[in-house]
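Just so you know, ligand 1 is whichever comes first in the structure, and atom 1 is the first atom listed for that ligand.
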Amino acid sequence: MFCYQCEQTFRSEACTVRGVCGKEDDVAALQDALVYSLKGLALVADKAAREGLVPEDTYPFIAEGLFVTLTNVNFDPDAISGWVRSAVKRRDNLLATLKAKKPGTAFSEGPVGFIPAETTAELAEQGREHGINAEASTDANVRSLQHTILYGLKGVAAYAFHASELGYRDDFVDNYFVEALVDLSHHDQGDLSTWIGKALRTGEANYRTMELLDTANTETFGTPAPTEVPLGVKAGKAILVSGHDLRDLESLLKQTEDKGITVYTHGEMLPAHAYPRLKAYPHLYGNWGTAWQNQRKEFPEFPGAILMTTNCLQRPEGSYFENIFTTAAVGWPGVPHVENRDFTPVIERALALPGFAADVAARSVHVGFMRNAILDHAEKIIELVKAGKISHFFLVGGCDGAKPGRNYYTEFVEQAPADTVILTLACGKYRFYDKDLGSIDGIPRLLDVGQCNDAYSAIQIALALSEAFGVGVNDLPLTLILSWYEQKAAAILLTLLYLGLKDMRLGPTLPAFLSPDVAKYIVDNFNLQLINTPEEDLAAVLA
Ligand code: SF4
Ligand code: SF3
């Protein structure tokens, strides 16, 4: 196998025997076969779209298929094989329709002629033949950019999938999946500058997709507002919901009404508490557990059912294997997969388990400082900056992860001077989300902007401040301190580069898929820097 798409890749180079994430060699190969088969579908869809022949559900299918291959989403060989076969079936149906309308239509590209083998083992072998290195340029720098685009595309796919589940689609976003997969199929074409342009276009597509998801979430569930979320528990039966998909959470809340079950959020589901139409459910109580990488230690202690709606899933321990469920793109062999949001098995399991024996009071955290909540106080914030009471804003956000070195983010936040404000988002916040940093004239110093896709909200805040101060975003007293782990972070980084943001700090390491020359290009053009120590970085930024 060869996979280097996430931050915890072996020796910061590549997983070649077995994934550090728990992904087996055959699963990695099947994921590559899935990407290859989606390229075949995209190549046909590209031509068929000119004839208006592409079935509408093709685009969300492609998005969900790519999402399946994102880190810590799906580890189930049979499920992934099913995706490959569905992609090929869709491709062949579309090809037949296209040929009926335009006889003589022909394709020279390999993915269009790909015929999946009968067995999952043979299909994995085909995936090895069409691995990410075989299906990319022989030029190391161009290949690095093509892999960057592929990984960014997986992140865009995750966000587009969530938006489409809420009924929100956008032609630009739909068409971009086809465009990018067609580009990646023609990997022997174009030079370095062509592919740099295409990588920044992935950033643009991700920006549009995060905007779409922001609209979808806000119009469906209401404008998020600052909300206190308890970290304690209530006596009684319990379900824990993890991941990013708000539609799944809403369906589960509906299906558990009057069942005497308390629902808790986990990981990236925490910001859900801020949405009016979700927090209106009285049995959505609080947030339980910490970041995704602690689940194998924490989940055995949860006395109810657990639902994983998206990443990040780790190998379930025997002690809770019977209690955990997956849905949508997520999968683990032997773990029940909920279809069509019929959460009956999850509810039955929760009712069979003991639940919490007694109420436990604990501290709480505040969420819901998305763009509207912060911009409602824009005038006050601007006044505080002009009066010298706020000297600097930091956005300390991104993914959390298991490797050592991430204490940097906790220490950075702890050491940031008392006249600075920390915006945060995504699961990296679990390093410091429950710290009491106090407030500056009523403005909390720690502001939780939401999930990783709410990077859109953070960008809107930065743009509004830059307009208010009459300076460019790069001239604001604002520094981005980013942590990355999986491919959504790659997509967001491409968006920030597309928007021209400079002087960001990224850690804990640079992505292994950036070749030295590509990394140098980003450093030279955007002054992207690796994190150092909190002391040195704070001193340098605030100098
Ligand atoms: Fe390795 Fe990350 Fe790929 Fe898993 S997703 S196999 S840890 S690089
Ligand atoms: Fe976290 Fe897995 Fe990336 Fe949405 S839940 S940010 S790592």
Self-check item: Any side-chain heavy-atom pair of Thr265 and Trp288 under 4.5 Å
Solution: no
Quiz prompt | Side-chain (Glu298) to main-chain (Thr290) donor-acceptor, under 3.5 angstrom | solution = yes
Practice problem: Considering only non-hydrogen protein atoms, determine which one is nearest to atom 3 (Fe) of ligand 1 and report residue, atom name and distance to 0.1 Å. | Solution: Cys3 SG, 2.3 Å
Quiz item: Using heavy atoms and a threshold below 4.0 Å, how should the contact between Gln451 and ligand 2 be classified: side chain, backbone, both, or neither?
Solution: neither
Quiz prompt | Residue from Thr479, Leu480, Ile481 passing side-chain contact (heavy atoms from CB on, under 4.5 Å) with Met504 | solution = Leu480
Quiz item: Under 4.0 Å from any heavy atom of Gln8, which atoms of ligand 1 are there?
Solution: 7 (S)
Practice problem: Taking Thr220 for its side chain and Asn217 for its backbone only, find out whether a donor-acceptor pair lies under 3.5 Å. | Solution: no
Practice problem: Can you figure out which of Glu268, Met269, Lys429 has its heavy atom closest to atom 6 (S) of ligand 2? | Solution: Glu268
Quiz prompt | Atom indices of ligand 1, in the order listed, that fall short of 4.0 Å to a heavy atom of Thr9 | solution = 8 (S)
Quiz item: When you measure from atom 3 (Fe) of ligand 2 to each heavy atom in Glu486, Lys488, Gln487, His266, which option holds the nearest one?
Solution: Glu486
Exercise. Report, in ascending order of atom number, the atoms of ligand 2 lying under 4.0 Å from any heavy atom of Tyr485.
Key: 7 (S)
Quiz item: At a 4.0 Å cut-off, with the gap strictly under it, does some heavy atom of Glu7 reach an atom of ligand 1?
Solution: no
Quiz item: Short list, please: which atoms of ligand 2 are under 4.0 Å from a heavy atom of Trp292?
Solution: 2 (Fe), 7 (S)
Quiz item: Would a line drawn from the ring center of His266 to the ring center of Phe299 be shorter than 6.0 Å?
Solution: yes
Quiz item: Looking at atom 2 (Fe) of ligand 2, is one of the N, O or S atoms of Cys312 less than 2.8 Å from it?
Solution: yes
Quiz item: Going by the order shown, which atoms of ligand 1 are within less than 4.0 Å of some heavy atom of Tyr4?
Solution: 8 (S)
Quiz item: Are Tyr4 and Glu13 close enough that a side-chain donor and a side-chain acceptor fall under 3.5 Å?
Solution: no
Quiz prompt | Asn206 side chain near Tyr498 side chain, heavy-atom distance below 4.5 Å | solution = no
Quiz item: Strictly under 2.8 Å, is any N, O or S atom of Cys21 next to atom 3 (Fe) of ligand 1?
Solution: no
Exercise. Measure across Cys3 and Lys23 and return the closest heavy-atom pair with its distance rounded to 0.1 Å.
Key: SG-NZ, 3.5 Å
Practice problem: Could you tell me which atoms of ligand 2, counted from 1 in the order shown, lie closer than 4.0 angstrom to a heavy atom of Cys427? | Solution: 1 (Fe), 5 (S), 6 (S), 7 (S)
Quiz prompt | Contact atoms of ligand 2, heavy-atom distance to Cys399 under 4.0 Å | solution = 3 (Fe), 6 (S), 7 (S)
Self-check item: Heavy-atom donor-acceptor pair, Gln31 side chain to Asn74 backbone, under 3.5 Å
Solution: yes
Exercise. Select one of side chain, backbone, both or neither to describe which atoms of Phe10 lie under 4.0 Å from any atom of ligand 1, heavy atoms only.
Key: neither
Quiz item: Just wondering, do Phe114 and Val84 contact through their side chains at under 4.5 Å, heavy atoms?
Solution: yes
Quiz item: What do we get for Glu486 next to ligand 1 when only non-hydrogen atoms under 4.0 Å count, side chain, backbone, both or neither?
Solution: neither
Exercise. State, yes or no, whether a side-chain contact exists between Leu313 and Trp332 at a heavy-atom distance under 4.5 Å.
Key: yes
Quiz item: What are the atoms of ligand 1, with element, lying closer than 4.0 Å to any heavy atom of Met1?
Solution: 6 (S)
Exercise. Could you find the nearest protein heavy atom to atom 5 (S) of ligand 1 and give me its residue, atom name and distance?
Key: Thr71 OG1, 3.2 Å
Practice problem: Look at the side chain of Asp245 and the backbone N and O of Asp248, then say whether any donor-acceptor pair between them is shorter than 3.5 Å. | Solution: yes
Quiz item: Which of the atoms in ligand 2, numbered in the order shown and given with their element, are less than 4.0 Å from a heavy-atom of His244?
Solution: 4 (Fe), 5 (S)
Self-check item: Atoms in ligand 2 with a heavy atom of Asn311 nearer than 4.0 Å
Solution: 2 (Fe)
Quiz item: Which atoms of ligand 1 sit under 4.0 Å from any heavy atom of Cys15?
Solution: 1 (Fe), 6 (S), 7 (S), 8 (S)
Practice problem: Give the residue, atom name and distance (to 0.1 Å) of the protein heavy atom nearest atom 6 (S) of ligand 1. | Solution: Gly19 CA, 3.4 Å
Quiz prompt | pair Tyr36-Ile132: side-chain heavy atoms closer than 4.5 Å | solution = no
Quiz item: Does any N, O or S atom in Cys6 come within less than 2.8 Å of atom 2 (Fe) of ligand 1?
Solution: yes
Quiz item: Within 45 degrees of the axis of the six-membered ring of Phe172 and under 6.0 Å from its centre: does Arg208 put its NZ or CZ there?
Solution: yes
